[in-house]
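Remarks on the structure that follows.
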Amino acid sequence: MKPAVLVARNVFPEAVARLREHFEVTTNEADTLWPQPELIRQLQGKAGLFITGSEKIDGVLLDACPNLRAVCSMAVGYNNVDVPACTAHGVVVSNAPDVLTETTADFGFALMMAAARRVTESEHFLRRGEWTKWSFDMFAGSDVHGATMGVLGMGRIGQAIARRGALGFGMKVIYHNRSRLNEADEATIGARYVDKATLLKEADHLVIVVPYSAASHHLIGAAELAMMKPTATLTNIARGGVVDDAALAEALRHHVIASAGLDVFEGEPSVNPALLTVPNIVLTPHIASSSLPTRRAMASLAVDNLMAALGVGPNAGKPPTALNPEVLSK
Ligand code: 8YV
């Protein structure tokens, strides 16, 4: 009998079809995010689970699903998965790095530019029928070319955004990260390492790309925003919770900084109502990785991992992007 796997959300039919070649597949036709008790109920007897960045995988779920051997996510961020608990339960976990780096960097750059040049704010003005004449300072924003980009979190996506800024737009790039890049990488990207305070003080455009963890919770709050230039923009494409959304709304309302671009929110898909009422912000519903080819590649990588973790296909036993491959070598 084929092993049984669960696909927790609607995904591309071709991804499900590949899984059906090897497994008994149950899908989530309604495409709602199952509360954990329902996810646990659906998982009974299943050996594998295909998830997104939303399902919470923790010790409670793992205790309740003793047949589970692999949890494979189509997201690169895995703050929704307790990896040590999975390892302790002998469950392989994988994420989906690399395939979304360039697409997500494109979007981060777009949000930064839209915030700097006030694209959303001015479009709303036009749609409201308020555009009756030209004026010398109408929606005058700040320049991106030649400005200083501050990157908080210099992983793969941070580096891809920094490259765009330095090579494409002649930006001066400064960054802060838990660990410093080696000198050769800094030189290739054209980025200078600074401490967090310098990053906040010197950046014209701050782009946040750090993974979410207890350590990065509210990394940017009222005190940090107060250190930034009043002309600065802030872009968050990392995770909700890295920025204190209430403090950001307050800072935007009082022009502590000029504008912001947010793709991720605390408690999403709910959005702090205060953010919805400030004009100087660009808001998008967590779509930075959402180009069709990239979303296909993310789903396909999760399928590759699930097949390999459950011992079928060309990578059998060696999931390409496992986070705890030691589980399989035991
Ligand atoms: C995903 C993301 O859209 O990969 C991530 O970590 O935040 C996004 O690319 C989302 O999590 C889908 O699973």
Side-chain angles (χ1 to χ4, degrees), residues 5-12 14-16 19 27-28 30-34 36 39 48-58 61 70-83 86 93-112 151-161 207-213 215-217 219 235-243 245 261-271 283-306 319-323:
V5 304
L6 178 67
V7 181
R9 297 297 301 275
N10 247 355
V11 286
F12 297 97
E14 69 265 23
V16 176
L19 290 172
T27 55
N28 176 357
D31 196 30
T32 49
L33 179 64
W34 284 321
Q36 202 183 53
L39 180 58
L49 173 62
F50 179 121
I51 59 166
T52 69
S54 309
E55 293 75 18
K56 187 173 176 201
I57 308 300
D58 59 10
L61 179 139
V71 173
C72 300
S73 176
M74 66 176 281
V76 64
Y78 52 90
N79 53 296
N80 54 323
V81 181
D82 184 341
V83 180
C86 287
V93 183
S94 65
N95 68 338
D98 302 321
V99 286
L100 47 54
T101 300
E102 299 300 327
T103 297
T104 304
D106 283 351
F107 195 84
F109 213 87
L111 264 189
M112 180 191 74
V151 183
L152 185 56
M154 201 55 144
R156 287 168 284 232
I157 297 171
Q159 290 177 41
I161 295 176
V207 184
I208 301 167
V209 215
V210 286
Y212 181 78
S213 67
S216 64
H217 182 75
L219 201 56
T235 297
N236 184 11
I237 56 163
R239 276 289 181 271
V242 174
V243 174
D245 285 350
L262 301 184
D263 187 49
V264 289
F265 303 87
E266 293 188 270
E268 64 185 51
S270 296
V271 176
L283 304 165
T284 52
H286 202 149
I287 55 166
S289 67
S290 191
S291 75
L292 216 40
T294 290
R295 283 283 167 89
R296 280 190 206 287
M298 292 158 68
S300 176
L301 181 53
V303 169
D304 292 346
N305 277 299
L306 196 46
T321 56
L323 292 162

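Ligands are counted one by one from 1 in listed order, and the atoms in each one are counted from 1 as well. Values below: every heavy atom of this structure, side chains too, minus hydrogens, waters and symmetry copies.
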List every atom of ligand 1 that sits less than 4.0 Å from any heavy atom of H286, numbering the atoms from 1 in the order shown and giving each element. 2 (C), 7 (O), 8 (C)
Answer yes or no: is there a donor N or O on one side and an acceptor on the other, between the side chain of S216 and the main chain of P211, under 3.5 Å? yes
Do other residues, nucleotides or ligands put more than 12 heavy atoms under 6.0 Å from F265 CZ? yes
What's the spacing between E55 CD and L39 CG if we round to 0.5 Å? 6.5 Å
Of T235, L283, T284, which is the lone residue that meets side chain to side chain contact (heavy atoms under 4.5 Å, CB included) with D263? T284
Students should be able to answer this: which protein heavy-atom is nearest to atom 3 (O) of ligand 1, and at what distance? R295 NH2, 2.9 Å
Heteroatom distance test (V76, ligand 1): nitrogen or oxygen, under 3.5 angstrom: yes
Side-chain donor-acceptor contact under 3.5 Å, N80 with S54: no
Here the atoms of ligand 1 under 4.0 Å from any heavy atom belonging to T52 are 13 (O)
Check each atom of ligand 1 against the heavy atoms of L100 and keep those under 4.0 Å away; list them by number with element. 4 (O), 9 (O)
With nothing but distance in play, are any N or O atoms of M74 less than 3.5 Å from an N or O of ligand 1? no
Please write down residue, atom name and distance for the protein heavy atom closest to atom 10 (C) of ligand 1. A75 CB, 4.1 Å
Filtering S289, G53, A299, P97 for the heavy atom nearest atom 1 (C) of ligand 1 leaves S289
From T101, V99, L100, T104, residue fulfilling side chain to side chain contact (heavy atoms under 4.5 Å, CB included) relative to T294: L100
Polar side-chain atom of N28 near backbone of T32 as donor-acceptor pair, under 3.5 Å: yes
With heavy atoms and a 4.0 Å threshold, my read on which part of I287 contacts ligand 1 is neither
